[in-house]
Amino acid sequence: MTYTAKKCGICFQPLSIILIYKEDGKDKTRQRIMPVRNFSKFSDCSMAAEQLKNNPRHKAYLEGVSLRQLQKLYRLLKGHLGGESLAESLEKLRQETTIDPEEDMNKLDDKELAKRKTIMDELFEKNRKKKDDPDFIYDIEVEFPQDEQLESCGWDVESGEEI
C-alpha cells in the first residue's frame with residue numbers, strides 16, 4: 001500500500017510529529033501521530049530525523065516527506081524544549097536556511113561551508129528551469145546595455161612582457 005503525504009507538522013503537548021496523508025486509491029484523508037521519544041534539547045536533529053524516517057512502523061508513510069523537512073520539524077521541537085517560543089524558533093530556522101550575500105564564506109569552517117553549499121544547491125534546483133517546464137525556452141539571447149564606457153582592468157591590459 002502506498003501513501004501520499006499532504007501535510008506534516010508538530011505537536012508540543014505531547015511531543016509528536018503529525019502526518020496528514022491519503023492512501024492511494026482511496027479518497028479518505030487520514031492523520032498519523034508519531035510520538036517523539038528519547039529526544040531532548042541536547043539531541044541531534046539530523047540523527048533523530050533519520051531514525052524516524054527509517055523506522056519500520058513509519059517508513060511507508062514518510063516516503064513522501066523529505067529528510068530536510070523532518071530535520072526542520074525536529075529543530076522546532078528542540079527549540080521548544082530549550083524554552084524558545086515558536087516565533088523565535090521559526091526565525092532562528094529561517095536564518096539557518098538562508099544565505100547572507102555579504103557573508104565572507106572563506107572564513108567559515110568546513111562543516112558550516114558544507115551547510116551553506118547544500119542550501120545553495122537546493123535553492124538552485126528549486127529555481128532551475130527544466131525542459132518539462134511550460135515556460136522553458138531553449139536558447140535565450142540577452143543583450144546587456146552598453147551605456148557607460150567600459151572600464152579596463154590591470155589584468156586585462158596587454159603587456160609587452162613575453163612569458
Any link between [X] and [Y] through a network of hydrophobic side chains (Ile, Leu, Val, Met, Phe, Trp, Tyr) touching at under 4.5 Å?
| X | Y | value |
| --- | --- | --- |
| L15 | I10 | yes |
| I17 | L67 | no |
| L77 | L90 | yes |
| L52 | I20 | no |

E91/Q95 under side chain to side chain contact (heavy atoms under 4.5 Å, CB included): CA gap, chis, key distance, verdict: CA-CA 6 Å; E91 179 60 27; Q95 287 176 351; 3.5 Å; yes
Check whether any side-chain heavy atom of [X] lies under 4.5 Å from a side-chain heavy atom of [Y], and answer yes or no.
| X | Y | answer |
| --- | --- | --- |
| C45 | F39 | yes |
| I99 | M105 | yes |
| E63 | T2 | no |

How many angstroms lie between [atom1] in [X] and [atom2] in [Y], if you round to the nearest 0.5 Å?
| X | Y | atom1 | atom2 | result |
| --- | --- | --- | --- | --- |
| S16 | R37 | OG | CZ | 10.0 Å |
| I18 | K7 | CD1 | NZ | 11.5 Å |
| L73 | C11 | CG | SG | 12.5 Å |
| T4 | D24 | OG1 | CG | 3.5 Å |
| Q71 | M47 | CD | CE | 11.5 Å |
| E84 | L76 | CD | CG | 9.5 Å |

Taking D135's backbone N and O only, do any of them form a donor-acceptor pair with K129's side chain (distance below 3.5 Å, no angle check)?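 No, K129 side chain to D135 backbone: no donor-acceptor pair under 3.5 Å.
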So does S85 get a backbone contact from the side chain of E88, meaning a donor-acceptor N/O pair under 3.5 Å?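 Answer holds: yes.
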How close do S89 and G79 get, counting heavy atoms only, and between which atoms?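 For S89 and G79, the tightest heavy-atom pair comes out as OG-CA, 3.7 Å.
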I'd like to know whether [atom1] of [X] has more than 12 heavy-atom contacts from other residues, nucleotides or ligands below 6.0 angstrom.
| X | atom1 | answer |
| --- | --- | --- |
| N38 | CG | no |
| R68 | CZ | yes |
| F136 | CZ | yes |
| D110 | CG | no |
| R57 | CZ | no |
| K130 | NZ | yes |

Parallel, tilted or perpendicular: which one describes the rings of Y3 and Y61, with boundaries at 30° and 60°?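 Correct class here is parallel.
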Parallel under 30°, tilted from 30 to 60°, perpendicular over 60°: which one fits the rings of H80 and F12?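 H80 vs F12 ring planes: parallel.
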From CA spacing to verdict: salt bridge (Lys or Arg N to Asp or Glu O under 4.0 Å), E112, R116: CA-CA 6 Å; E112 283 297 314; R116 298 292 196 296; 2.7 Å; yes
Reference residue E23; test salt bridge (Lys or Arg N to Asp or Glu O under 4.0 Å); the match among K28, R30, K6: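 Single salt bridge (Lys or Arg N to Asp or Glu O under 4.0 Å) partner of E23 among K28, R30, K6: R30.
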Verify side chain to side chain contact (heavy atoms under 4.5 Å, CB included) between E96 and K72, making sure each step is shown before the conclusion. CA-CA 10 Å; E96 288 177 7; K72 287 179 181 180; over 6 Å; no
Might you work through the salt bridge (Lys or Arg N to Asp or Glu O under 4.0 Å) test for E50 and K53, ending with a clear yes or no? CA-CA 5 Å; E50 283 180 43; K53 192 156 174 86; over 6 Å; no
Test side chain to side chain contact (heavy atoms under 4.5 Å, CB included) on M34 and L62 and set out the steps. CA-CA 11 Å; M34 297 167 274; L62 292 173; 3.9 Å; yes
Run L81 and F42 through side chain to side chain contact (heavy atoms under 4.5 Å, CB included) and show every step you take. CA-CA 9 Å; L81 291 173; F42 304 110; over 6 Å; no
